[in-house]
2 protein chains.
Amino acid sequence: MRFYSWNVNGFRSVLKKGFMDWLEETEPDVLSLQEIRCEWEEADLGVRRQIESAYDVCWFPATSKKGYAGAATFAKKELGFTHAKGLGVDGYDAEGRMIVSRRDKLVFIGGYFPNASQGLVRLPFKRQFARDLAALVMKHHAAGDQVILTGDMNVAPEEIDLARPKDNVKNPGFTPEEREDFKLYLGAGLVDVLRERNPAVPGLYTWWTARGGARERNVGWRIDLFLASRTLLDRVKDTRIHAEVLGSDHCPISLELL
Amino acid sequence: MRFYSWNVNGFRSVLKKGFMDWLEETEPDVLSLQEIRCEWEEADLGVRRQIESAYDVCWFPATSKKGYAGAATFAKKELGFTHAKGLGVDGYDAEGRMIVSRRDKLVFIGGYFPNASQGLVRLPFKRQFARDLAALVMKHHAAGDQVILTGDMNVAPEEIDLARPKDNVKNPGFTPEEREDFKLYLGAGLVDVLRERNPAVPGLYTWWTARGGARERNVGWRIDLFLASRTLLDRVKDTRIHAEVLGSDHCPISLELL
DNA sequence: CGTGATAAG
DNA sequence: CTTAACACG
């Protein structure tokens, strides 16, 4: 089963840049999208029909602000996933952040983790989000579920996960607080699958600022991740960063389970 | 002496669409621009230097709102025009609307007349503007000046001046009030030069909505005009609408005096 | 620097 | 439909 996650930075934008070609070539079983930045009805009708013919679609836009944030999860119909919108906390759910999907004992949580923002003005919001989400993961583990947590986590966990760690200690995405909170997910029994399998490999990034040719020079950050329950690790066949896929300032990532 | 007027709908935009080529080919003696929508310093430095080497430049952006309205007048240096910004009324002058230029007894008034706006919310503002401007023209005539008044007047004077008069009687630019106020300029001793020389010629338009191929089908309005003192008429060699010049939703117009 | 909302025309 | 400002990333 092949899981994908991609922050598309505007679903309508990425549709103009070959998203449907990518989808048809890639045929993910489960796909989490972030920063969809539109209502489902605002996307091209032919596209919607084509996607709906193959996938159970959960579209979860922000209600708090038009064109802001929002997440979606598509799961191949034959897999029988059920989708649930939100974490049950109005503050996050109004921004269309997280979707919880389930098949039997497998819980797939995908979405768009808060950005701490300029001046770290949303750091408190982001910290509370991390606590609540880690608690949810623990609850699922206590209930005997296995969990995949993915999306744009808006944090690079370690120095190796960004090209310029020294320059970014005070910047959103690499503050000590955000890195500390990332460990809450690990403490809840999840593993950063790509880093587990590629310890000490530098240059593995999923996001590059649009300013000044950063992507060409691979001056990036690894902030899109697959975390999985430790008990799932022996089923991991592969996990990858698809840096060659263009269309957004983020690239897709994937996790394949046996 | 060749006078031009052009609503460029953003000076920086029209610069990207060949404005400088047009300027070099056309070499107007005096040029009034409307909807410049930027500060002079925001335009390309090479462009500014090139223009300033040939013209006395009067740049009059709105101070009330960034990127809104604004007018400019360029006059060939050797002609010795002097420029004055505004009509002396804060309400109009904060929007960078009118520039009064003079050489001896010739007064050239160019600029961007108010749009009555959706719901005609600015009709009262526009009516006061018309009264004040007509009074200024009368004052100049009383002092023995000859006047050229030009720009985007945001009114089609007569049914012949727009493609769909019946559909637009309640719309900004063709209300009875705006047409009535247009007659104030005529009452002040000015003549609509193009219509004077081309009575009953339909299809002479200077603006076309960007929506739905209106320009290709010549579904337009004549709202950019040269009005001139009746005493100037025997010096009029030519007046034209340059509908072939692209780059804005308006086209340039010209008046040539002997 | 790019996406999208918004105001204005 | 287009320009430009703005918010956000």
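Numbered from 1 within each chain, the chains take letters A, B, ... in sequence-line order. All heavy atoms count here, side chains included; hydrogens, waters and symmetry mates do not.
Each of D/dT3, D/dG9, C/dG2 was ranked by its minimum atom distance to the side chain of A/Lys17; first place goes to C/dG2. Listed nucleotides C/dG9, D/dG9, C/dG4 differ in distance to A/Arg12; the shortest reach to its side chain belongs to C/dG4. Distances were taken from every side-chain heavy atom of A/Arg211 (C-beta onward) to each of C/dC1, C/dG9, D/dT3; the shortest belongs to C/dC1. Distance from the side chain of A/Lys66 is smallest for C/dT6 among the nucleotides C/dG9, C/dG4, C/dT6. Listed nucleotides: C/dG4, D/dC8, C/dA7. Nearest to the side chain of A/Arg37: C/dG4. Listed nucleotides: D/dC1, D/dT3, C/dT3. Nearest to the side chain of A/Ser13: C/dT3. In the set C/dG9, D/dG9, C/dT3, the nucleotide with an atom closest to the side chain of A/Asn9 is C/dT3. With D/dA7, D/dG9, C/dA8 as the choices, the nucleotide that has an atom nearest any side-chain atom of A/Lys65 turns out to be D/dA7.
If A/Thr209 and A/Ile36 are placed on DNA chain C by their nearest nucleotide, the residue sitting closer to the 5' end is A/Thr209. Both B/Trp207 and A/Gly247 sit near DNA chain C, but only A/Gly247 has its closest nucleotide nearer the 5' end.
A salt bridge links B/Asp192 with B/Arg222: at least one charged nitrogen is closer than 4.0 Å to a carboxylate oxygen. The pair B/Arg37-B/Glu42 does not count as a salt bridge, with every side-chain nitrogen at least 4.0 angstrom from each carboxylate oxygen. Note on A/Arg195 versus A/Asp161: salt bridge recorded, some NZ/NE/NH1/NH2 to OD/OE distance being below 4.0 Å.
Looking at heavy-atom distances under 4.0 Å, A/Gln118 makes no contact with the nucleic acid at all.
In this structure, A/Trp208 atom CH2 and C/dG2 atom P are separated by 16 Å, rounded to whole Å. What separates OH of A/Tyr112 from P of D/dC8 is a distance of 11 Å, to the nearest Å. Nucleotide C/dT3 holds its P atom 7 Å from the NZ atom of A/Lys16, rounded to whole Å. For B/Phe125 and C/dG9, the CZ to P distance is 10 Å, given to the nearest whole Å. Spacing between atom CD of A/Gln34 and atom P of C/dG4 amounts to 15 Å, rounded to whole angstrom units. Between A/Glu216 atom CD and C/dC1 atom P the separation is 12 Å, expressed in whole Å. One interatomic measurement links the two molecules: CD of B/Glu35 to P of C/dA8, which rounds to 12 Å at whole-angstrom precision. In this structure, CG of B/Leu246 is placed 13 Å from P of D/dT2, rounded to the nearest angstrom.
In this structure, the ring of B/Trp208 has its center no less than 6.0 angstrom from the ring center of B/Trp221.
OP1 and OP2 of D/dT3 both lie 4.0 Å or more from every side-chain N or O belonging to B/Tyr68.
Between the CG atom of B/Leu15 and the SG atom of B/Cys38 there is a distance of 7.5 Å, given to the nearest 0.5 Å.
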